[in-house]
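In this text the structure is predicted, and so the values were computed from the model without any measurement.
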Amino acid sequence: MLYAADRPVLLVCDDTVFVKMLPELESVFGGGAVQKGVPYPGAKEHFILDIDDDELVGAFVSELVRVTPVSGSKNKNKKRGTKD
């Protein structure tokens with residue numbers, strides 16, 4: 001899992017970059033076709049991101065940081081009153 005601004009944004013499995021399929025990300029593709037796949041058995045389908053497309057990666061990460069909550073483990077610690 002790769003994080004940006006304490007948010008889980010990209011999942012890398014078997015040399016492939018997967019992105020959680022969120023409705024907010026549809027606009028990043030601009031209506032174009034996007035490859036989809038499953039990162040591991042039992043997982044939900046994800047977008048497959050072409051990591052060589054710098055512009056697309058930047059757009060995805062920016063949008064994911066905007067719409068993805070901070071990592072759950074830190075939220076759980078804050079709820080319990082412990083410090084980071």
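Smallest separation of non-hydrogen atoms from Cys13 and Pro39: CB-O, 3.6 Å. The minimum heavy-atom distance linking Val9 with Leu64 is given by the pair O-CD1, 3.2 Å. The two residues Leu10 and Val19 make their nearest non-hydrogen contact at CD2-CG2, 3.5 Å. Taking both residues in full, the closest heavy atoms of Ala43 and Val38 are given as O-CG1, 3.4 Å, listed atom of the first, atom of the second, then distance.
Using a 4.5 Å cut-off on side-chain heavy atoms (C-beta onward), Pro8 and Thr68 make contact.
To the nearest 0.5 Å, the span separating CG on Leu22 from NE2 on His46 amounts to 9.0 Å. The line from OH of Tyr40 to CG of Asp14 is 12.5 Å long, rounded to the nearest 0.5 Å. Taking NZ of Lys44 as the start and CE of Met21 as the end, the distance is 11.0 Å to the nearest 0.5 Å.
Among Ile51, Asp50, Leu2, Ile48, the single residue meeting the side chain to side chain contact (heavy atoms under 4.5 Å, CB included) criterion with Val17 is Ile51.
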